[in-house]
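Worksheet: the structure to be examined is printed underneath.
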Amino acid sequence: MTQKQENKSSILDILTVILGIQELDMQMIQLMRLKKDREKELDSINNLKKKLMKQQATKDEEIFRLKTALRLSEGDLAETQEKIKKLEQKQSTIKKVEEFNALSQEMAQADRERNSREKNLSDLYDKLAEEEDSLKTIKESLKTTSESSLILEQEIIERLKKLNEEGKVLLVRREKLVKDADPEIFGIYERLLKNKKDRVVVPIENRCCSGCHITLTAQDENLVRKAERLVFCEHCSRILYWVQSEELEGTTIAPVRQRRRRTRGAVT
Ligand SMILES: [Zn+2]
């Protein structure tokens with residue numbers, strides 16, 4: 001628990017500056033989250049496109065392979081048909097029964113071979129038609145995905161650009177505030193923020209630390225109220241402050257309820 005002796009007004013002044021920086025940092029964290037979400041969207045679109053393109057390439061290869069197989073199969077069939085033609089010519093010149101029987105057997109075998117090669121060829125044609133249909137579907141969905149994603153992609157890129165610009169503005173504003181900040185307390189703040197990625201200078205609400213919502217002791221609450229030094233929540237290490245302090249009046253950390261009451265008071 002780091003504690004520093006400071007007088008009341010300076011601790012509150014210091015915390016007011018830090019609170020201004022903290023608000024900018026919260027906006028920055030929000031921006032970074034949005035940016036990450038947009039980048040994820042962009043990634044998933046690109047991954048889908050990549051997947052479809054890969055499928056298309058695989059189909060292209062498969063179709064090329066089938067076309068090669070078809071060419072070979074057509075050659076095989078032509079060869080068998082040629083063989084049958086020759087056997088038929090030979091048949092007319094045969095005189096001996098034995099020779100005739102042998103030739104018949106050879107012809108029957110060539111017939112079976114032709115049937116099998118025809119079947120093989122027809123299977124390949126069926127397969128090719130199937131693969132070509134499938135390629136067509138992939139190409140169509142790649143086209144629709146590319147078209148619809150193009151709009152979304154450009155939208156996301158525009159939004160990312162805007163987020164980057166907003167981030168730059170925040171950084172400039174932050175730099176100005178940091179110049180006014182107490183270096184030691186700012187250092188503590190930055191370490192806490194890095195650790196928690198959330199508000200680390202928080203008000204006490206109903207005697208609870210509004211960071212971790214654990215009830216504080218009356219003694220701790222008193223120390224915070226006095227604002228003589230920095231007080232950390234014993235449970236979550238956040239820096240605590242007291243909202244009803246006059247010194248914080250009119251700043252972003254003063255509760256709206258209080259400001260309204262004071263405005264009304266001024267009117268009457
Ligand atoms: Zn706490």
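Hydrogens, waters and symmetry mates are skipped; everything else that's a heavy atom, side chains included, is used. Atoms within a ligand are numbered from 1 in the order they appear, just like the ligands themselves.
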| query | Is there a donor-acceptor contact under 3.5 Å from the side chain of R117 to the main chain of D76? | reply |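 A pair under 3.5 Å: yes.
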| message | Donor-acceptor pair, distance only, cut-off 3.5 Å: does the side chain of K196 make one with the backbone of R238? | response |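 Such a contact is absent between K196 side chain and R238 backbone.
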| Given K127 and E130, is the salt bridge (Lys or Arg N to Asp or Glu O under 4.0 Å) satisfied, shown in steps? | CA-CA 5 Å; K127 184 79 185 138; E130 201 182 286; 3.7 Å; yes
| said: Given R174, which partner from the list L177, V178, V172, L170 fulfils the side chain to side chain contact (heavy atoms under 4.5 Å, CB included) test? | reply: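 Filter result, single survivor: V178.
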| task | Determine whether L128 and E132 make a side-chain contact, defined as any pair of heavy atoms from C-beta on separated by less than 4.5 Å. | result |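 Yes. Closest side-chain heavy atoms under 4.5 Å.
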| task | Keeping waters out of it, list the protein N, O or S atoms under 2.8 Å from the Zn ion (ligand 1). | result |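 Listed by chain and number, the nearby protein N, O or S atoms are C209 SG, C212 SG, C233 SG, C236 SG.
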| said: Going by side chain to side chain donor-acceptor pair (under 3.5 Å), name the pairs with one or both residues in residues 28-46, residues two or more places apart or in two chains. | reply: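 Non-adjacent pairs meeting side chain to side chain donor-acceptor pair (under 3.5 Å): K35-N164, R38-E41.
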